[in-house]
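One structure is given below, encoded as structure tokens.
Atoms within a ligand are numbered from 1 in the order they appear, just like the ligands themselves.
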Amino acid sequence: MKSVVIREPNNLVIEQRPLPVPAAGEVRVKVKLAGICGSDSHIYRGHNPFAKYPRVIGHEFFGIIDAVGDGVDKKRIGERVSVDPVISCGECYPCSIGKPNVCTSLVVLGVHRDGGFSQYATVPAKNAFTIPDAISDKHAVMIEPFTIAANVTGQAAPRENDVALIYGAGPMGLTTVQALKGVNNVKQIIVADRIDERLAMAKNCGADWVINNGQQSLQDFLAEKGLKPTLIVDAACHPSILQEAIGLASPAARIVLMGFSSDPCQIIQQGITGKELSIFSSRLNANKFPTVIEWLQKGLIDPDKLITHAFDYQHVIDAIEVFEKDQRKCCKVLLTFSD
Ligand code: NAI
């Protein structure tokens, strides 16, 4: 089989590898579609502190089970599946309270273990979620990015009367907007970004107001409109955003952080306790695949609104370059895998 391998930072090759044999409890997935995420590009460029090389990248992928290991029902062969990249021990404290996404021995496919940018991938059987026939391949490959939004909304418990402010209209901001609007029926959603084309996508995904906060003060905009955000999601992830969000938040608001920056960020504690704000963080997803499959079945979200490009996997370098360089036109880039 052919696999997309990052041998070391900035060295991507399409390598011939032996067909993997699923171990006990695993299935082998013949990959059909995969999605490119920022972390794939970070591993490629050597900016992901968790990655070990060489690595087959890719943690958003969909395909068909074509072999099973011992202990897995052979009837699963032929199933269409989307793969949850989060592999957890099931026994540690976070696992015991339903947070396998921060398992003390967390393994993420495509980061700590070889992932899905490959013609075949072996994964634990319980990570391969059956996709109902009514969900298209293209929607199935988008489940993982929407699970990130499901995890965010799972932390913050949005209400219809929330005034939601989302920083960032990249894939993460846009999945969050769709979840807030389509699933939680939040009536007032504001999205701030620096790129007008992305703000247009945010509108298309359900934002009620968009603001280019590179050109206009967000504080002035909110004051003009009389909006006091009660739920703020930082999907732009610059360290300066938290203190600004604390200042803009309504008393009793919730703030959800998604960023992994290692740069210090200065905050004034009084701003938090004075308004009794709740600050959550959200990493990957905790058992959210069934949730998003249900959202898709009910038509509450529309992944098509994020997909801008598709490339054959053999053109993966071009695909990653478009993804990295053209944020105006590019949002979600898919890779197709053929024989
Ligand atoms: P992206 O880079 O495509 O989008 C970020 C957007 O934020 C861009 O459109 C950019 O113009 C905008 N932005 C930057 N600074 C801003 C500011 N000060 N105010 C408003 N907008 C600003 O990235 P993507 O894929 O949407 O991911 C967003 C962030 O989420 C990344 O930092 C990523 O590391 C993080 N992430 C976190 C996950 C988690 O589970 N916690 C999972 C996936 C991504």
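- Given atom 25 (O) of ligand 1, the protein heavy atom at minimum distance is Pro171 CD, 3.7 Å.
- Shown are Leu180, Asn161, Leu231, Val163; of these, the side-chain contact (heavy atoms from CB on, under 4.5 Å) with Gln188 is made only by Val163.
- Taking the centre and axis of the six-membered ring of Phe323, the NZ or CZ atom of Arg45 falls outside the cone set by 45° and 6.0 Å.
- Ligand-side atoms of ligand 1 in range of Ile195: 11 (O), range being under 4.0 angstrom from any heavy atom.
- Cluster annotation: Val191 and Leu165 are assigned to distinct hydrophobic clusters (Ile/Leu/Val/Met/Phe/Trp/Tyr, side-chain heavy-atom contacts under 4.5 Å, transitive).
- In this structure, Lys332 contributes its side chain and Ile36 its backbone to a donor-acceptor pair below 3.5 Å.
- Protein heavy atom nearest atom 36 (N) of ligand 1, with residue, atom name and distance: Met258 O, 4.0 Å.
- Put simply, the side chain of Asp114 does not reach to within 4.5 Å of the side chain of Leu109, judged on heavy atoms.
- Put simply, part of Ala235 is less than 4.0 Å from ligand 1, judged by heavy atoms.
- For the residues Ala236, Cys237, Ser261, the heavy atom positioned nearest atom 29 (C) of ligand 1 is part of Cys237.
- The contact set between ligand 1 and Ile148, taken as ligand atoms under 4.0 Å from a residue heavy atom, comprises 40 (O), 42 (C).
- Under the 4.0 Å distance rule, the nearest protein heavy atom to atom 43 (C) of ligand 1 falls inside the cut-off.
- For atom 20 (C) of ligand 1, the choice among Asn213, Thr176, Leu284 with the nearest heavy atom turns out to be Asn213.
- Across the listed options Ile166, Asp193, Thr147, Asp193 owns the non-hydrogen atom lying nearest to atom 9 (O) of ligand 1.
- Of the possible donor and acceptor atoms, one in the side chain of Arg198 sits under 3.5 Å from a partner among the backbone N and O of Cys330.
- Clustering ILVMFWY residues whenever any of their side-chain heavy atoms sit less than 4.5 angstrom apart, transitively, puts Phe117 in the very cluster that holds Leu12.
- Remark: ligand 1 atoms within the under-4.0 Å shell around heavy atoms of Ile241 are 17 (C), 18 (N).
- In terms of modelled atom types and a separation under 3.5 Å, the side chain of Arg113 and the main chain of Ile87 share no donor-acceptor contact.
- With a heavy-atom cut-off of 4.0 Å, Asn151 does not touch ligand 1 at all.
- Nearest-residue assignment for atom 26 (O) of ligand 1 (options Arg194, Met172, Glu197, Arg328; heavy-atom criterion): Met172.
- Side chain of Asp193 to backbone of Ala169: a donor-acceptor contact under 3.5 angstrom is found.
- Classified by interplanar angle (parallel below 30°, tilted 30° to 60°, perpendicular above 60°), the ring pair His47/His42 is tilted.
- Using a non-hydrogen distance threshold of 4.0 Å, His238 does not register as a contact of ligand 1.
- Distances below 4.0 Å separate heavy atoms of Ala192 from the following atoms of ligand 1: 20 (C), 21 (N).
- Screening Gln219, Glu244, Arg194 for a side chain to side chain donor-acceptor pair (under 3.5 Å) involving Asn213 leaves a single residue, Arg194.
- The contact set between ligand 1 and Gln327, taken as ligand atoms under 4.0 Å from a residue heavy atom, comprises 1 (P), 2 (O), 3 (O).
- Contact atoms of ligand 1 toward Arg283: 40 (O), 41 (N) (distance under 4.0 Å to a heavy atom of the residue).
- Applying the 4.0 Å criterion to heavy atoms of Ser282 picks out, from ligand 1, the atoms 39 (C), 40 (O), 41 (N).
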